[in-house]
Amino acid sequence: MHVVVAAPSSGPEAAAAVDVGGVAAAEAERGARPRWTWADTNLWYPGLLRAGVRVDRCHDLRLAHRVLRSSAWSAASGLAQQPAGAWDALPPVPAGGVVPPDDEGGTLFDLEPAPRAAGPGGADAHLDGPACRTELAAQLDAVATSLAPGRLRLLLAAESAGALAAAEMHRAGIPWDSVRHDDVLREHLGARPAPGARPARMDELAAQVRAALDAPTLNPDSLPDVLRALRRTGLAVTSTRSWELRQVDHPAIEPLLAYKKLSRLFSANGWAWLDAWVRDGRFRPEYVVGGVVTGRWGSSGGGALQVPKQVRDAVRADPGWVFVVADAAQLEPRVLAGLAHDDRMAEAGRGTDLYQGMVDTGVVESRAHAKVGMLGAMYGGTTGSSAAVLPRLARAFPASLALVEDAARAGERGDVVTTLLGRTSPRPGASWHETQVLAQSDDADAGAESKARAQTRAWGRFTRNFVVQGTAAEWALCWIAEVRRRLWDLGDADVPGEEARVPAPFTGRPHLVYFLHDELVVHTPAPLAEAVAAQVTEAAAASGRLLFGDFPVDFPVSVGISRSYGEAKDGG
DNA sequence: ATCCTGCGCGCG
DNA sequence: AAAGCGCGCGCAGGAT
């Protein structure tokens, strides 16, 4: 059951003296299955991982607090009714935890929540054992008295499992080949320039742009500068967005687009990035669990969730190891089918390609139409070819389309919407309501009205998407939790003749190294790759059953195995 | 000097 | 084919 951890403070001393042996023993005890309950996973788990200890389950009070405070299903609970307090304002703890000053020190970590004096005026008194117990009791009550205890319990378990996985991925890091990355950069940009200078190839392109626009002092990095120069030569552009520039026929455009592309690579993932983020052959992203309103993860530092395709070839497995890259196929429309209990859409997704299934059943003429149409339905698109196929989709899949329409209407009224497991959208802010009121007053001009209308629709698009993206995030959390457990159960494998570069507790074991909304990457000893691929696939099906029970919607995954991430992803 | 905002683009 | 959702980041330029 819950083992409440006395978390005495968020200072370095908290992590210094973890009773590693006690935790390891409790984890190993047959049938014990402790659920470590702590204020913040990042406060405790990094220290345990550094000591080589993996835990199976936890309850992250901070994350659970956030969910339960805002869920419409637990709105009547004491937890939700009380004014904002210490748990609403916990300082962020970095993914690597807090580094202990040294090894000596007493045992601050107890299996029994020892009452601990926080010291006179201790700012972190709210984090001590008794406070954790009080908070846990309030959370369990909020769940038990909620409109759907089973679903909320699953959400909290999944969120906490995600926190464990995120800490583990940070610990393991993404294997990164700096030499290969440098090759990619030199391929595109030429030699590394001196500090502060631009690569020669970018300089050449800049010169071409200046010549073509007859603007010798043009700074290609300055948007106003570029826009002015383009308009001066008579081009009817309103911005410098690539897709708009591509419509235009002028000799300056090609070098300008090429410059922008290289500039992006150079500044976002160039040599400076490599120096800053890759150490000892690993990129260690900091994941922010629940960092997105919809429940998706965010990241901070290094742009972990935006690794461009260009440099993915630098992601290289250790010698004797490979990546298993798994991608959930058309996750969001499948989730929508499950949410809406839409038998016909589930039927279309019975194979491995839901969009192709829509073509095969005669709903739309091409896969591209199916895709753009569904994206439009889920995002609230109103123009172009997306809007053109919408009526056909509405006729074929009335249940799914009605679900997203209802979510949009709720948002337009200023109401909240809720995902399958209970995560609830935020309410629009005060200025949103002000604009609505203003537009309804007698002296409202046309401008105020159209502004209010645009804002109304925008919030409707947000809630429309929230139910789908948010439930997809829940599916993904369950998937991760399943994969994490199954990988551990696979055990380890000898990788002959190679020095272990994978840190404890994952030495010799397949482990997660990357997660991106509907895709995950496992780094595994090569001999276990096929077993990992099978588990990842089965875990996706298991996640579907956790969320949608007997409703027959499939969640196929495409799996690739390779030593290079880029190749595993598009090679197969 | 430092903070903030808008833009554009990378990812899903 | 080209606009609708969610993000993080770097840069330029204005505000402080």
Side-chain angles (χ1 to χ4, degrees), chain A residues 198 218-228 237-247 256-257 259-270 272-273 276-277 285-288 290-312 327-333 335-336 366-390 404 407-408 411 417 419 423 425-426 454 457-473 475-476 514-520 565 569:
Chain A
R198 260 199 305 243
L218 175 89
N219 172 9
D221 292 320
S222 165
L223 308 181
D225 231 22
V226 171
L227 196 56
R228 258 194 309 273
V237 288
T238 61
S239 76
T240 63
R241 288 187 205 96
S242 292
W243 70 264
E244 189 176 347
L245 296 183
R246 263 189 282 273
Q247 319 291 317
L256 179 57
L257 290 172
Y259 178 90
K260 284 158 71 79
K261 188 81 184 163
L262 292 186
S263 166
R264 169 81 194 181
L265 176 64
F266 175 62
S267 67
N269 294 95
W273 181 92
W277 296 105
E286 174 156 350
Y287 294 103
V288 185
V292 179
V293 269
T294 57
R296 276 186 174 182
W297 291 7
S299 73
S300 106
L305 305 185
Q306 307 138 252
V307 178
K309 295 199 164 97
Q310 280 167 309
V311 306
R312 289 185 180 185
D327 203 311
Q330 307 93 36
L331 176 59
E332 292 196 345
V335 161
L336 176 56
S366 72
R367 190 181 184 282
H369 281 132
K371 181 172 179 177
V372 80
M374 282 310 298
L375 289 177
M378 294 183 297
Y379 293 167
T382 56
T383 60
S385 57
S386 164
V389 281
L390 224 50
V404 287
V417 294
T419 60
R423 200 185 302 267
S425 66
R457 293 216 182 101
W459 199 261
R461 287 193 300 274
F462 166 60
T463 52
R464 171 196 292 270
N465 186 247
F466 184 95
V467 291
V468 180
Q469 187 183 121
T471 305
W475 180 90
Y514 190 55
F515 168 61
L516 187 55
H517 311 314
D518 62 357
E519 169 186 338
L520 50 79
Y565 174 37
K569 194 164 159 53

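For clarity, every value in this text was computed on a predicted model and none was experimentally measured. So that the names make sense, note that chain A is the first sequence line, chain B the second, and so on, each numbered from 1.
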[X] [atom1] - [N] [atom2] separation (whole Å):
X: A/D327; N: B/dG12; atom1: CG; atom2: P; value: 8 Å
X: A/R198; N: C/dA12; atom1: CZ; atom2: P; value: 9 Å
X: A/W273; N: C/dC11; atom1: CH2; atom2: P; value: 15 Å
X: A/D225; N: B/dC7; atom1: CG; atom2: P; value: 17 Å
X: A/F266; N: C/dC9; atom1: CZ; atom2: P; value: 19 Å

Exercise for the section: Starting from the C-alpha separation in whole Å, work towards a yes-or-no answer on side chain to side chain donor-acceptor pair (under 3.5 Å) for A/E244 and A/T238. Expected result: CA-CA 8 Å; A/E244 189 176 347; A/T238 61; 3.2 Å; yes
Which nucleotide wins on minimum distance to the side chain of [X], given the candidates [options]?
X: A/E519; options: B/dG10, C/dG6, B/dG12; value: B/dG12
X: A/L223; options: C/dG13, C/dA3, B/dC7; value: B/dC7
X: A/V293; options: B/dG8, B/dC11, C/dG6; value: C/dG6
X: A/T294; options: C/dG6, B/dG12, C/dG8; value: C/dG6
X: A/D518; options: B/dC11, C/dG8, B/dG12; value: B/dG12
X: A/T240; options: B/dG8, C/dC11, C/dC9; value: B/dG8

What contact category does [X] fall into here, base, sugar-phosphate, or nothing, at under 4.0 angstrom with non-hydrogen atoms?
X: A/S263; result: nothing
X: A/R312; result: sugar-phosphate
X: A/G291; result: nothing
X: A/V307; result: sugar-phosphate
X: A/G303; result: sugar-phosphate

Please tell me if [X] has a side-chain N or O lying less than 4.0 Å from either OP1 or OP2 of [N].
X: A/R241; N: B/dG8; result: yes
X: A/S239; N: B/dC7; result: no
X: A/R461; N: C/dG4; result: no
X: A/K371; N: C/dA1; result: no
X: A/K260; N: B/dG8; result: no
X: A/K569; N: B/dC11; result: no

Practice task
Using atom types as modelled and distance alone, determine if a side-chain donor or acceptor of A/S222 lies under 3.5 Å from a backbone N or O of A/L218.
Solution key: no
Practice task
Taking A/S366 for its side chain and A/H369 for its backbone only, find out whether a donor-acceptor pair lies under 3.5 Å.
Solution key: yes
Problem - Charged N-O contact under 4.0 Å between A/R198 and A/D221 - result: yes
Practice task
Take A/R246 and A/R264, find for each the nucleotide of DNA chain C with the closest heavy atom, and name the residue whose nucleotide sits nearer the 5' end.
Solution key: A/R246
Practice task
Nearest-nucleotide wise, let me know which of A/Q247 and A/Q469 is further upstream toward the 5' end of DNA chain C.
Solution key: A/Q247
Exercise for the section: For the residue pair A/Y514 and A/Y287, categorise the inter-ring angle as parallel (less than 30°), tilted (30 to 60°) or perpendicular (more than 60°). Expected result: tilted
Nearest heavy-atom neighbours spanning [X] and [Y]:
X: A/N219; Y: A/V226; value: O-CG2, 3.9 Å
X: A/G301; Y: A/W277; value: CA-CH2, 3.3 Å
X: A/V293; Y: A/R423; value: O-CD, 3.8 Å

Practice task
Please list residues of residues 372-390 of chain A whose heavy atoms come under 4.0 Å from any atom in DNA chain C, ordered by number; otherwise none.
Solution key: A/Y379, A/G381, A/T383
Problem - Strand DNA chain C in bracket notation, Watson-Crick/G-U under 3.5 Å with | for pairs to another chain - result: ....||||||||||||
Exercise for the section: Return yes when atom NZ of A/K371 has more than 12 non-hydrogen atoms of other residues, nucleotides or ligands closer than 6.0 Å, and no otherwise. Expected result: no
Exercise for the section: Take atom CZ of A/R367 as the centre, draw a 6.0 Å sphere, and report whether it contains more than 12 heavy atoms from other residues, nucleotides or ligands. Expected result: yes
Problem - Separation between CG of A/N465 and CG of A/L375, rounded to the nearest 0.5 Å - result: 10.0 Å
